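What you see is a predicted model; the values in this text were computed from it and never measured.
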Amino acid sequence: LSLCGISFSGADVGGFTENPTPILMQRWYELGTFYPFFRGHSYMDSIRREPWLFGGSYYQGMKKSIILRYKLASYLYNQMFVASKSGMPVLKPLLLQYPTQLSNPYMEKEFLFGNDLLVAPILEAFTPNTLKLYLP
């Protein structure tokens, strides 16, 4: 949606259906931190998804993501203002910023949050030993 001029968008953190495992919920929070619109939401028959219900290190990981989100609030507000004036999205695929470098295989898993923050989320349940990413 952001490429269509609708910057204030995001996914339901945790997914709308099914029941995510605690580690996948933590990964959703880590990624959702950088969505312009961040919300935990699901349908009635899924499990409750408040961070404290997952306990232990999962709760701590989700809490850390929420704290980072609050620390980035003024940056996000500024980027939303820029988007409202320029039409450029807040959440940008790298190909928008670096169109001549399309051949890099890692670009599709990364994005820019505003103009200054490169986000390379971990998309698997468990942390890989290495994370290959593209640095423009």
Where is the tightest heavy-atom contact between [X] and [Y], given as atom of each residue plus distance?
X     : Y      : answer
Leu96 : Met88  : CD2-CE, 3.7 Å
Tyr29 : Pro51  : OH-CG, 3.5 Å
Phe54 : Met25  : CZ-CG, 3.2 Å
Met80 : Val90  : SD-CG2, 3.3 Å
Tyr75 : Asp116 : OH-N, 3.1 Å
Arg69 : Leu76  : NH2-CD2, 3.4 Å

message = Run Lys71 and Ile67 through side-chain contact (heavy atoms from CB on, under 4.5 Å) and show every step you take.
response = CA-CA 6 Å; Lys71 287 180 180 179; Ile67 290 169; 3.8 Å; yes
Nearest 0.5 Å, please: how far is [atom2] in [Y] from [atom1] in [X]?
X      : Y      : atom1 : atom2 : value
Gln79  : Ser84  : CD    : OG    : 11.0 Å
Lys63  : Ser57  : NZ    : OG    : 13.5 Å
Glu108 : Leu94  : CD    : CG    : 11.0 Å
Gln97  : Asn115 : CD    : CG    : 6.0 Å

request  = Indicate if Val119 and Val82 have the same hydrophobic cluster label, given that clusters are the connected sets of ILVMFWY residues with side-chain heavy-atom separations under 4.5 angstrom.
outcome  = no
request  = Please answer: with hydrophobic residues joined when any side-chain heavy atoms are less than 4.5 Å apart, are Tyr77 and Ile66 in the same cluster?
outcome  = no
Given Ile23, Leu24, Thr21, the one that forms side-chain contact (heavy atoms from CB on, under 4.5 Å) with Tyr58 = Ile23
inquiry  = Taking the side chain as everything from C-beta on, heavy atoms only, tell me whether Arg49 gets closer than 4.5 Å to Pro20.
reply    = yes
request  = Show your reasoning for whether side-chain contact (heavy atoms from CB on, under 4.5 Å) applies to Leu118 and Leu112.
outcome  = CA-CA 5 Å; Leu118 175 68; Leu112 290 171; 4.2 Å; yes
ask   = Considering residues at least two apart in sequence or located in another chain, which fulfil the ring pair (Phe, Tyr, Trp, His ring centres under 6.0 Å) criterion with Tyr98?
value = none
message = Does the plane of the ring in Phe34 sit parallel, tilted or perpendicular to the ring in Phe111? Use 30° and 60° as the thresholds.
response = perpendicular
message = Applying salt bridge (charged side-chain N to carboxylate O under 4.0 Å, His left out), can you list everything that pairs with Glu110, at least two apart in sequence or on another chain?
response = none
ask   = Counting only heavy atoms not in Phe81, do more than 12 fall under 6.0 Å of its CZ?
value = no
query = Other than Tyr59, what residues sit in its cluster of Ile, Leu, Val, Met, Phe, Trp and Tyr side chains whose heavy atoms are under 4.5 Å apart, directly or through others?
reply = Trp52, Leu53
